There are 2 protein chains.
Amino acid sequence: MDNTDNIILSILKENSRASASEISKQVNLSVPAVTERIRKLELSGVIEKYTVRANPYALGYNLLAFVIVKVDCSVNLEAFQDAIAGLPQVLECHHTAGPGDYLLKVLFRDMQDMENFLSRTLKDIRGVADTNTIICLSTLKEEITV
Amino acid sequence: MDNTDNIILSILKENSRASASEISKQVNLSVPAVTERIRKLELSGVIEKYTVRANPYALGYNLLAFVIVKVDCSVNLEAFQDAIAGLPQVLECHHTAGPGDYLLKVLFRDMQDMENFLSRTLKDIRGVADTNTIICLSTLKEEITV
DNA sequence: CGTGAAAAGAGTTACCT
DNA sequence: AGGTAACTCTTTTCACG
């Protein structure tokens, strides 16, 4: 993971469809050398997957919020986790040490969608004791990784 | 944005390097038809960018935390925002309505790196009045978008 | 929206520095 | 480790049905 690898990674982060020949010009290396480095980045797990960044707004999701969830410790956590992970609106679910037990990042179409999620979807999941919602007014930065 | 578009989008989310011919087989459409749909998804902004998902752990970042930041209202917010956005460790920065003013998603190499970030990097930014850190124990789900 | 052909560009390999 | 060159395969693009 030298400097060249970092440049290659940042090029792919900007455009994962960049060809090896395009990249080779930017890093002053031959095509096979670039191909080999990318292959190693994939094998070592640095490159997890080639993906697409979709715009939630263009898809009708205009509201973003983080939800801090407190869970009743007496309940089976796996059921809670499976239920949460199955909700497509829930982009992220982290087990946390802090004011709550879980932190969710959730997209909503509108306020009503959010209300519905908080007062129905979430409360219907066994184990959810309390929720605390942080509404996002605007997003200044949103990267997948370093 | 019909069902076919959704399938195409989900295929690209799984592998953004999938060729139009590969996709065409999965959606039972011709190659030019798929190409045209993808072009429209790009133009309409649904597809924001083709990117790579890098594994933070493979890059030495083993600690993830969310930091709730309270800002002194009397200070110029732009300076704060620019300073924050310039930090590569800060993956996300949201302006929020809630217990704090900003919510940051930050990667750390280790505990010392986190301590350094909280007690130096952050405190040195003008306007930061108070911080509250939520440490992630584990991550169950982490998607970019719906 | 499908088909088919033509052209361009991709990746791969082997060999050499 | 990296460069060069040739070969092969795939992809994309275009004109037409």
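These numbers were taken from a predicted model, which means no experiment stands behind them.
The Ala33(B) side chain lies nearest to dG2(C) when the options are dT11(D), dG2(C), dT12(C). Closest to the side chain of Arg37(A), from the set dT13(D), dA1(D), dG2(D), is dG2(D). For Pro32(A), whose side chain is taken as the heavy atoms from C-beta onward, the closest listed nucleotide among dT12(D), dT4(D), dG4(C) is dT4(D).
To the nearest angstrom, P of dG2(D) lies 15 Å from CD1 of Ile23(A). When rounded to the nearest whole Å, the span between CZ of Arg39(A) and C1' of dG2(D) equals 15 Å. Atom CD in Glu22(A) sits about 10 Å away from atom C1' in dG9(C), given to the nearest Å. In this structure, Glu36(B) atom CD and dT11(D) atom P are separated by 19 Å, rounded to whole Å. The nearest whole Å value for the distance from the CG atom in Asn28(A) to the P atom in dG3(D) is 9 Å. Between Lys25(A) atom NZ and dG3(D) atom P there is a gap of 15 Å when expressed in whole angstrom units. When the C1' atom of dT11(D) is taken as reference, atom CZ of Arg17(B) falls 13 Å away, rounded to whole Å.
Of the charged side-chain nitrogens involved, none lies within less than 4.0 Å of a carboxylate oxygen, so that Lys105(A) and Glu142(B) do not count as a salt-bridged pair. The pair Arg39(B)-Glu42(B) does not meet the salt-bridge criterion, since no charged nitrogen lies less than 4.0 angstrom from a carboxylate oxygen. Ionic pairing of Arg17(A) and Glu22(A) is not present here: no N-O contact between side-chain nitrogen and carboxylate oxygen is shorter than 4.0 angstrom.
Using a 4.0 Å heavy-atom criterion, one finds that Ser19(A) contacts the sugar-phosphate atoms exclusively. At a threshold of 4.0 angstrom between heavy atoms, the contacts of Ser30(B) include nucleobase atoms, whether or not backbone atoms are also involved.
Looking at which nucleotide of DNA chain D each of Asp2(A) and Ala20(B) is closest to, the 5′-most match is held by Asp2(A).
Here the two rings, on Phe117(B) and Phe108(B), have centers that are under 6.0 Å apart.
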